[in-house]
Trainee: 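Take this structure first; my questions come after.
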2 protein chains.
Amino acid sequence: MGRMSENPTAAVLAIGNEILSGRTQDTNSNTVARFLGPFGIDLKEIRVVGDVEPTIIEALNTLRARYSYVFTTGGIGPTHDDITADAVAKAFGVGIDFHPEALALLAARFADPADFNQMRRRMARIPEGASLIRNPVSAAPGFQIGNVFVLAGVPSIMRAMLDDIAPRLSRGRPVLSITVAAQVAEGAIAGPLAVIQARFPEVAIGSYPVYRSDGYGVQLVARGFDLSQVEKVAAELTAMLQAAGGKPERLLS
Amino acid sequence: MGRMSENPTAAVLAIGNEILSGRTQDTNSNTVARFLGPFGIDLKEIRVVGDVEPTIIEALNTLRARYSYVFTTGGIGPTHDDITADAVAKAFGVGIDFHPEALALLAARFADPADFNQMRRRMARIPEGASLIRNPVSAAPGFQIGNVFVLAGVPSIMRAMLDDIAPRLSRGRPVLSITVAAQVAEGAIAGPLAVIQARFPEVAIGSYPVYRSDGYGVQLVARGFDLSQVEKVAAELTAMLQAAGGKPERLLS
């Protein structure tokens, strides 16, 4: 897929001790990956780091210099361990202060003004020059600064924030993919598979073995920009799996 | 948890286009995180990169210099897109060749020698100086070179390989944790929570809001080396959640 490099690129920076301790399975990165596909934006890297300010700053500055977009998740809530907004401000070398619109959005959520306490007000602290990202679930906004989108860690909120980001993204050429699966051992077809890959350098073929209690098999994924090329490769993969004794079927992917 | 920095550290480097495209949800990182906890080894970073040799080399060299251990997952199968072993050899600046024991382990799997084809033999190519990691599921071994453990991407195989790694790891002081949950809004208790955190700097308190169809709540996690300190903090968190109108309960974590 030679021309893939012309697409905008992206990284996810997931922030949270709970992922590194194993307590929480990160699913936000997968959500962002699936979200970006149709935009033709290539997710190139995912990093997970803990709630440690210098670590967040270093990772963010590396990633935002390297990719078109960075999506951070986590660490923008009201508690003492929510340090993402401050870390982002420091990474960009800008100040951070209460954002009037963020304050208004949050205040509207509390019938009793006493409930809008000091810690909840922390969620309205936004780095200078950032624009807000709407949170229709729990009001506390995310924000965009430069090419960095700062999102919540709670999956349902993170997903909802993506709706507000969509119109802000440059678009590339989406990668189209077809998956063909069969109960054939990966090692039995690796040779002819490499031959097909060599004949179609514009289509990237991935091979994923499956080991399940109900048997083994392989899923072959053809990915590329040109649907007719991808279809051609899928047909070759299907014929090859048939020749190896399998009953290949297309999967929705 | 000031003394946590004395523990051995680790990173996971998950390798595979299928994770970045969103096709596959990485669960191996979480498995490694949970595996390392009881050893007192602190997982500090997770990275996911694609099947791109220079990218793998750069990430691996960064991580192995920075942490006590690196665990890679993925890219050691028989197909053309399995490039991890070569990338690791290049990262270490060593050669790569067929490993006699690996060849024997793989050959034993095939009743008909003709099935042990050229592509399957690729899985016996091991960087110079590496030691094998047993794979009781499908024979093809992983390997250890220096402080790097190179593991399969298929979750059941990756998990099985960890058994062979366990005796090779230095041990630190395990982090003990207690989780207390209640149906209380995170923002309502963020203030008293910060006060408790400030009084117990040796225990790290994480706060994780829960938004579910059946309501909202918060899970508070106290983590530290000293069980009596962690218990003390858990008791304070319980009392605080009760004072906020919740019915706190301990979760198995």
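Letters A, B, ... mirror the listed sequences (proteins, then strands); counts begin at 1.
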Trainee: Report which part of B:Asn117 has an atom under 4.5 Å of a heavy atom belonging to chain A: side chain, backbone, both, or neither.
Mentor: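 The answer is the side chain of B:Asn117.
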Trainee: Using a 4.5 angstrom heavy-atom cutoff, name the option from B:Tyr216, B:Tyr211, B:Phe116 with the most pairs to chain A.
Mentor: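 Most heavy-atom pairs under 4.5 Å with chain A: B:Tyr211.
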Trainee: For B:Thr79, is it the side chain, the backbone, both, or neither that has a heavy atom closer than 4.5 Å to a heavy atom of chain A?
Mentor: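 Contact with chain A is through both the backbone and side chain of B:Thr79.
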Trainee: Can you tell me how far the OG1 atom of A:Thr55 sits from the NZ atom of B:Lys44, to the nearest 0.5 Å?
Mentor: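 The OG1 atom of A:Thr55 sits 7.5 Å away from the NZ atom of B:Lys44.
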Trainee: Rounded to the nearest 0.5 Å, what separation is found between the CG atom of A:Asp82 and the OG atom of B:Ser207?
Mentor: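 Reported to 0.5 Å precision, the distance equals 7.0 Å.
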Trainee: Can you see which heavy atom on A:Pro78 is nearest to which on B:Ala190, and at what distance?
Mentor: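 Looking at all heavy atoms of both residues, the closest pair is O-CB, 3.6 Å.
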Trainee: Which of the residues A:Ala198, A:Gly37, A:Ala188 is involved in the greatest number of heavy-atom pairs with chain B at under 4.5 angstrom?
Mentor: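 Answer, by heavy-atom pair count under 4.5 Å with chain B: A:Ala188.
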Trainee: Under 3.5 Å, is there a donor-acceptor pair between the side chain of A:Arg34 and the main chain of B:Gly22?
Mentor: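 A pair under 3.5 Å: yes.
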Trainee: With rounding to the nearest 0.5 Å, note down the distance linking OH in A:Tyr208 to CG in B:Asp81.
Mentor: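 Answer for the OH-CG pair, A:Tyr208 versus B:Asp81, is 5.5 Å.
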Trainee: Can you name the closest pair of heavy atoms from A:Arg120 and B:Ala185 and give their distance?
Mentor: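 Heavy-atom minimum between the residues: NH2-CB, 3.3 Å.
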Trainee: Verify salt bridge (charged side-chain N to carboxylate O under 4.0 Å, His left out) between A:Arg122 and B:Glu186, making sure each step is shown before the conclusion.
Mentor: CA-CA 13 Å; A:Arg122 283 187 76 222; B:Glu186 189 185 38; over 6 Å; no
Trainee: Counting heavy-atom pairs under 4.5 Å with chain B, which one of A:Val218, A:Ile157, A:Asp115, A:Ile205 comes out on top?
Mentor: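 So the answer, after comparing A:Val218, A:Ile157, A:Asp115, A:Ile205, is A:Ile205.
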Trainee: Could you check if a side-chain atom of A:Val221 sits within less than 4.5 angstrom of a side-chain atom of B:Glu18, using non-hydrogen atoms only?
Mentor: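 A:Val221 does not reach B:Glu18 side chain to side chain.
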Trainee: I'd like to verify something: which residue of B:Val154, B:Leu20, B:Leu43 has the highest number of heavy-atom pairs under 4.5 Å with chain A?
Mentor: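 Most pairs with chain A among the choices: B:Leu20.
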Trainee: Measure the OG-CG distance between B:Ser177 and A:Asn17 for me, rounded to the nearest 0.5 Å.
Mentor: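 Rounded to the nearest 0.5 Å, the OG-CG separation comes to 12.0 Å.
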Trainee: Non-hydrogen atoms of chain B under 4.5 Å away: do they reach the side chain of A:Ile189, the backbone, both or neither?
Mentor: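 When you check distances to chain B, no heavy atom of A:Ile189 falls under 4.5 Å.
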Trainee: Measure the CG-CG distance between B:Asn30 and A:Asp26 for me, rounded to the nearest 0.5 Å.
Mentor: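 If we round to the nearest 0.5 Å, B:Asn30:CG and A:Asp26:CG are 9.5 Å apart.
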Trainee: Around A:Gln183, counting heavy atoms of other residues, nucleotides and ligands shown, do more than 12 lie under 6.0 Å from its CD?
Mentor: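 Incorrect, the count does not exceed 12.
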Trainee: Using a cut-off of under 4.5 Å for heavy-atom pairs, which of B:Gly191, B:Ser21, B:Gly16 has the most such pairs with chain A?
Mentor: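 Looking at each option in turn, the highest pair count goes to B:Ser21.
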Trainee: Rounded at 0.5 Å granularity, tell me how far CD in B:Glu45 sits from CD1 in A:Ile19.
Mentor: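 Output value for this atom pair is 12.5 Å.
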Trainee: Quick check for you: among B:Ala33, B:Gly206, B:Ala10, which has the greatest number of heavy-atom pairs under 4.5 Å with chain A?
Mentor: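 Maximum pair count with chain A is reached by B:Ala33.
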Trainee: Give, as side chain, backbone, both or neither, the part of A:Thr24 having an atom under 4.5 angstrom from any heavy atom of chain B.
Mentor: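 When you check distances to chain B, only backbone atoms of A:Thr24 fall under 4.5 Å.
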Trainee: Considering only heavy atoms from C-beta outward, does the side chain of A:Leu193 approach that of B:His80 to under 4.5 Å?
Mentor: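 Yes, side chains in contact.
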Trainee: Would B:Gln219 and A:Arg23 count as having a side-chain donor-acceptor pair, cut-off 3.5 Å?
Mentor: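 On atom types as modelled, these side chains qualify, holding a pair under 3.5 Å.
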Trainee: Which region of A:Gln118, side chain (C-beta onward) or backbone (N, CA, C, O), has a non-hydrogen atom less than 4.5 Å from a non-hydrogen atom of chain B, or is it both or neither?
Mentor: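 For A:Gln118, neither part sits under 4.5 Å from chain B.
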